[in-house]
Structure formats: C-alpha cells, structure tokens
Amino acid sequence: MEEEQMGILEAFHSPPYGGARTSAKVLSCGSYCPTLYKDASELVKRCDECQRAGVISNNNKMPLTTILEIDIFDVWGIDFMGLFVSSCGNTYILVAVDYVSK
C-alpha cells in the first residue's frame with residue numbers, strides 16, 4: 001500500500017492547492033491511510049508549482065474596512081480671516097471650504 005500511496009496522492013494533487021485539499025480529495029473517493037495528511041503536506045512542499053503560487057493565509061490578508069460615503073457639500077469648513085488692508089471698505093474675509101471637493 002505504501003508504494004501506491006504516493007501515486008494516489010500525486011493523482012489527486014492539482015496545483016496550486018495545499019495538502020488539506022489534496023487530502024480531502026483522497027478521502028472523498030474512499031481511500032485512507034494513517035499518514036495521509038503528513039504525506040500530502042510533504043507532497044505540496046516538494047511541488048514546485050505549489051511553492052511558487054504562495055497561497056495567502058488569513059494572517060496576511062488585509063482587514064476589510066467600510067468606506068464612508070460623503071456627498072459633495074456635506075462637510076464644510078468655515079474660517080473668518082482678517083484684519084487686512086481695506087479694499088472697497090472690507091477688512092475681513094469669510095472663507096468657506098467644502099472638504100469633499102475642496
């Protein structure tokens with residue numbers, strides 16, 4: 001059985017899937033051996049295509065964040081500036097800025 005075991009694993013192995021998926025395929029067809037998971041993991045470590053694919057683990061995934069939707073003219077900034085040199089009798093400026101569109 002040990003001679004057939006690696007042949008069975010290689011038949012069910014399709015890169016770039018890991019050892020767990022290969023083991024699941026073998027188990028779904030009704031085959032089993034005590035060292036199935038260990039042998040499948042070793043097969044994946046030897047597979048060049050699997051090593052180049054580099055499956056992303058949950059540790060390397062970026063967390064999902066919601067995007068805040070703000071419409072134009074929803075957020076304003078108002079500033080009162082002055083005392084400037086008089087121009088047409090005006091010495092102060094009122095500045096209003098829409099933060100979305102600037």
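The first residue in the sequence is number 1, and the count goes up from there.
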Exercise for review: With sequence neighbours left out, write down each residue that passes side-chain hydrogen bond (donor to acceptor under 3.5 Å, both in side chains) with Thr35, or none if nothing qualifies.
Suggested key: Gln5, Asp39
Exercise for review: Please identify each residue that fulfils side-chain hydrogen bond (donor to acceptor under 3.5 Å, both in side chains) with Ser101, with sequence neighbours left out.
Suggested key: Asp98
Check your understanding: For Thr66, which residues count as a side chain to side chain contact (heavy atoms under 4.5 Å, CB included) partner, sequence neighbours excluded?
Key -> none
**Study point:** Partner set under side chain to side chain contact (heavy atoms under 4.5 Å, CB included) for Val85, not counting sequence neighbours
**Key:** none
Listed pairs under 3.5 Å, donor-acceptor, residues 70-77 side chains, sequence neighbours left out:
{"residue": "Asp74", "atom": "OD2", "partner": "Asp71", "partner atom": "N", "Å": "3.0"}
{"residue": "Trp76", "atom": "NE1", "partner": "Phe73", "partner atom": "O", "Å": "3.1"}

Practice item. Could you tell me whether the side chain of Ser41 and the main chain of Lys38 form a donor-acceptor pair under 3.5 Å? Key: no
**Study point:** Residues forming a ring-ring contact (aromatic ring centres under 6.0 Å, His included) with Phe84, sequence neighbours excluded
**Key:** none
**Study point:** Working for side chain to side chain contact (heavy atoms under 4.5 Å, CB included), residues Ile78 and Leu94
**Key:** CA-CA 7 Å; Ile78 299 177; Leu94 181 64; 3.6 Å; yes
